[in-house]
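See structure below.
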Amino acid sequence: MSISENRAVILQTFKDRRPAAKLIAVSKRQPDERLDEALACGQRIFGENRIQEAQEHWQERRAAYPDLELHLIGPLQTNKVKEAVALFDVIHTLDREKLAVKLGEEMAAQNKAVPCLIQVNTGEEEQKSGISAQNLPDFLDFCRHTCGLPIMGLMCIPPIDAPAALHFAFLKKIAGENALSDLSMGMSEDYPKALDLGATMIRVGSGFFGERAL
Ligand SMILES: *Cc1c(COP(=O)(O)O)cnc(C)c1O
């Protein structure tokens with residue numbers, strides 16, 4: 001299927017389930033012609049997981065498409081915070097205190113408030129980044145009151161071998177407990193379920209663009 005057909009299918013799923021949700025087209029490791037095809041279909045919200053690739057993909061295209069909205073969905077190193085704050089409109093992967101401190105300093109320096117989501121390690125996986133649910137209230141308080149960050153919600157990447165729905169429902173529950181409204185959850189394989197369970201932003205890569213380069 002073409003990008004335009006893929007996009008139509010996804011947006012139809014939104015219509016039936018959660019019309020106000022946002023479709024983030026994940027453009028990592030996709031060739032330039034697919035990015036342009038997506039733009040030609042009217043897609044303006046894109047997700048990337050590496051700073052340098054995001055700059056290569058979007059810095060120039062942004063001049064032609066001022067309504068572009070770029071979301072960072074991959075891990076952020078503290079030495080890349082300056083570039084991230086300059087380029088992105090939303091950061092989904094706030095996952096540790098050191099990063100929160102840096103983001104606060106850099107947003108102040110650039111006089112730019114970039115809305116952030118806190119990544120929650122819902123599966124308590126050792127190798128995965130993210131705040132544990134139990135530490136979320138303290139971390140949220142630290143981000144807001146010590147670092148001055150605009151926190152809009154939560155993000156999760158469920159463990160590969162677990163039923164994603166359980167993690168989506170759990171993320172929704174702790175978002176409610178902490179009075180956070182935005183939920184970034186659901187990818188190509190499971191986004192309809194994520195929409196049913198309250199996602200306000202889904203991150204779809206291969207299901208939107210087709211298979212990625214390795
Ligand atoms: C790559 C990626 C996606 C998109 O994955 P697909 O399975 O291609 O939809 C979503 N979220 C994150 C954090 C990613 O790194």
Side-chain angles (χ1 to χ4, degrees), residues 1-14 17-18 21-31 34-35 37-38 41 43-58 69-77 80 84 87-96 99 114-125 127-131 152-165 167-168 170-172 175 182-214:
M1 286 211 297
S2 69
I3 287 176
S4 141
E5 287 166 330
N6 289 340
R7 182 170 186 264
V9 168
I10 299 168
L11 292 180
Q12 185 60 47
T13 311
F14 275 49
R17 294 167 195 253
R18 193 167 302 273
K22 236 179 212 194
L23 167 59
I24 301 171
V26 177
S27 45
K28 68 183 184 204
R29 305 204 307 277
Q30 295 287 353
R34 290 194 188 163
L35 308 185
E37 202 179 326
C41 302
Q43 181 67 27
R44 292 293 181 271
I45 308 174
F46 295 93
E48 291 280 353
N49 70 342
R50 287 163 170 269
I51 307 290
Q52 196 190 330
E53 189 185 22
Q55 290 171 328
E56 288 163 10
H57 277 168
W58 299 111
E69 190 179 300
L70 299 180
H71 292 242
L72 178 64
I73 62 165
L76 178 54
Q77 257 59 65
K80 293 282 169 63
L87 182 66
F88 287 99
D89 300 294
V90 181
I91 294 172
H92 291 230
T93 46
L94 174 53
D95 61 1
R96 59 200 192 278
L99 178 60
V114 182
C116 295
L117 303 173
I118 295 172
Q119 182 172 352
V120 180
N121 187 355
T122 56
E124 304 281 340
E125 293 172 280
Q127 75 287 7
K128 195 169 273 177
S129 43
I131 300 293
M152 60 194 287
L154 304 178
M155 176 270 213
C156 76
I157 306 171
I160 292 190
D161 48 7
H167 293 268
F168 297 156
F170 181 60
L171 196 69
K172 164 111 180 148
D182 269 292
L183 288 172
S184 165
M185 57 191 198
M187 321 203 310
S188 296
E189 294 304 315
D190 50 25
Y191 74 85
K193 187 98 272 179
L195 289 169
D196 286 342
L197 291 169
T200 63
M201 296 182 248
I202 59 161
R203 313 177 304 264
V204 182
S206 46
F208 181 97
F209 283 104
E211 288 306 318
R212 292 183 272 282
L214 289 174

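No experiment lies behind these values; they were computed from the predicted model shown. Both ligands and their constituent atoms are indexed starting at 1 by order of listing.
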Seminar exercise, completed: Paired with H71, the side chain to side chain donor-acceptor pair (under 3.5 Å) test is passed by just one of R203, K22, E48, H92, namely H92
For this session: May I ask you to check whether over 12 heavy atoms, not counting those of E189, lie within 6.0 Å of atom CD?
Result: no
Problem set entry | Electrostatic pair R50-E53, nearest N-O below 4.0 angstrom | no
Mind listing the N or O contacts between ligand 1 and protein, cut-off under 3.5 Å?
| residue | atom | partner | partner atom | Å |
| --- | --- | --- | --- | --- |
| ligand 1 | 8 (O) | S206 | N | 2.8 |
| ligand 1 | 8 (O) | S206 | OG | 2.9 |
| ligand 1 | 8 (O) | R212 | NH1 | 2.7 |
| ligand 1 | 8 (O) | R212 | NH2 | 3.2 |
| ligand 1 | 9 (O) | S188 | N | 3.0 |
| ligand 1 | 9 (O) | S188 | OG | 2.5 |
| ligand 1 | 9 (O) | G205 | N | 2.8 |
| ligand 1 | 11 (N) | R203 | NE | 2.9 |
| ligand 1 | 15 (O) | K28 | NZ | 2.7 |

For this session: Compare every heavy atom of F88 with every heavy atom of A54, then report the nearest pair and how far apart it is.
Result: CB-CZ, 3.6 Å
Exercise. With a cut-off of 6.0 Å (strictly less than), are more than 12 heavy atoms of other residues, nucleotides or ligands near NZ of K193?
Worked result: no
Exercise. Taking R7 as the fixed residue, which of E37, Q12, Q43 is the one that meets the side chain to side chain donor-acceptor pair (under 3.5 Å) rule?
Worked result: Q43
